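Each remark here refers to the structure printed beneath this line.
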Amino acid sequence: MLILGIETSCDETALALVENGRWIRGTQMVSSIASHQRFGGVVPEIASRAHVELFTCELETLLSDAGVSGRDIDRIAVTCGPGLPGSLLAGVIAAKSLGWIWKKPVVRVNHLHAHLYAAVMGLPQWPLDEPMVGLVISGGHTALVQMKGMSRFSLLGQTRDDAVGEAFDKVAKLLGLGFPGGPEIEKTARLGNDRAYRFSVPKIKGGSDYDFSFSGIKTAVLYTVQRPSPERGVSGPKLPAAQSLKPELVADLAASFQRAVVDEVVMKSVKACRSLRVSRLVVGGGVIANRPLRERLKEVCGDSKIEVAIPPMGLCTDNGAMIAGLGFLLDPATAAELTAVPDLAMGMN
Ligand code: KG4
Ligand code: ZN
């Protein structure tokens, strides 16, 4: 079964053709990120307009490169949520229109589930119906879930404040690095000492043992940056901090921040697997592109006899292949069900 996947939940207009949920026949992705960079974050109106402008051209290229026409496509899978309302709507309307023109069924896909599916897409031996723990770490979400296959999820914990990717983006901004911040922090951290600062994650009162909180580390970085200390190159809180920072300090802060976040995310995931007696962990979302995190997860899971599924680099951040892939396992929606749901929760379809 050949599925066209459409992903437009944020700034990427991403399309893909995937055969039987596994084999990627073609992908297209254009991000409007360059237009958002000077604002330091994604501007919803710019993102949704870019999807409308880019979609048709990307679709034509995808189909002609793969030597495929609308007739060869068996179904269309589209991200319905969560995401930016206007961006989601652009994709859902495109999917509905193509479904109507080509007379093909359309499947609704939860973006967060698709991030987890991306991890197992390239692993034909990975059982899809066994108990697993799932960790979603993206720009907008951070959640640990208990999974029974790819369709039943129960929330173990989530972030109380910033999502992991959001924390990377905000700390990068504090340090005067570019946007999106995750790759910038990773690059800068390579030059720094990850033990220069001890940024511990605060204990969370109440709620679940598996909840996360990252705003405390972000604030600790901010205070360190603003502390007057001429020998470090920091002149005081009133100056725009990032401009007065020495590169060595920026590298040490980036490395120490990254280490604290990696330790927290790895520790909670492994703890969940151990206490639920689950031996499979699936991780998805843009932040799993972070190499130190990938390496640490593999190392700790190896020591704990937990099998871990991590997406290949090209499937970590938003892409159409994970949408088309998961679309293979789901039932088509009715026309009335095809709506954008910006706050679609984990476990909902
Ligand atoms: O999953 P994604 O593409 O979009 C959402 O669904 O949110 O994730 C984007 C997030 C951004 O916050 C970005 O900074 C982060 O993933 N990210 C990274 C890395 N690459 C992307 N974070 C840490 N290290 C990276 N290498
Ligand atoms: Zn995403």
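The structure presented is a predicted model; accordingly, all values stated were derived computationally and were not measured. Both counts, for ligands and for their atoms, begin at 1 and track the order of listing. Side-chain atoms are counted along with the backbone in the values below, which use heavy atoms only and exclude waters and symmetry mates.
Counting only protein N, O or S atoms closer than 2.8 Å to the Zn ion (ligand 2) gives 3.
Taking every non-hydrogen atom of Gly165 and a distance limit under 4.0 Å, the qualifying atoms of ligand 1 come out as 12 (O). Short contacts between ligand 1 and His115, defined as distances under 4.0 Å to a heavy atom of the residue, involve ligand atoms 1 (O), 6 (O). Atom numbering of ligand 1 starts at 1 in the shown order; those under 4.0 Å from a heavy atom of Asp318 are 1 (O), 2 (P), 3 (O), 4 (O), 5 (C), 6 (O).
By the 3.5 Å distance cut-off applied to N or O atoms, Thr317 is not counted among the residues near ligand 1. Taking only nitrogen or oxygen atoms, main chain and side chain alike, Pro180 does not reach within less than 3.5 Å of ligand 1.
By the criterion of a heavy-atom distance under 4.0 Å, neither the backbone nor the side chain of Arg291 is placed next to ligand 1.
Of the listed options Gly286, Ala289, Gly182, Gly286 places a heavy atom closest to atom 21 (C) of ligand 1. Relative to atom 26 (N) of ligand 1, the option among Glu186, Glu184, Lys187 with the closest non-hydrogen atom is Glu186. The option with the heavy atom closest to atom 9 (C) of ligand 1, from among Gly139, Gly83, Ala118, is Gly139.
Aromatic ring orientation, His111 versus His115: perpendicular (interplanar angle above 60°, classes split at 30° and 60°).
Among residues two or more places apart in sequence or in another chain, the salt bridge (Lys or Arg N to Asp or Glu O under 4.0 Å) test is passed with Asp162 by Lys170, Lys218.
Atom 11 (C) of ligand 1 has its closest protein heavy atom at Asp169 OD2, 3.7 Å. Taking atom 24 (N) of ligand 1 as the reference point, the nearest protein heavy-atom neighbour is Asn290 ND2, 3.1 Å. At the shortest separation from atom 6 (O) of ligand 1 among protein heavy atoms lies His111 NE2, 3.1 Å.
For the side-chain contact (heavy atoms from CB on, under 4.5 Å) with Ser32, the lone residue among Val42, Thr13, Asp11, Val43 that qualifies is Asp11.
In this structure, Gly140 is part of the shell of residues with a heavy atom less than 4.0 angstrom from ligand 1. Heavy-atom distances between Gln258 and ligand 1 stay at or above 4.0 Å for every pair.
Inter-residue side-chain proximity for Ile6 and Ile76 is flagged as met; some heavy-atom pair is nearer than 4.5 Å. Residues Leu326 and Leu329 meet the side-chain proximity criterion, which asks for heavy atoms closer than 4.5 Å.
For His113 and Phe153, the gap between ring centers is short of 6.0 Å.
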- Task: List the steps, then state whether salt bridge (charged side-chain N to carboxylate O under 4.0 Å, His left out) holds for Arg296 with Asp263.
- Result: CA-CA 8 Å; Arg296 186 99 185 101; Asp263 284 351; 3.6 Å; yes
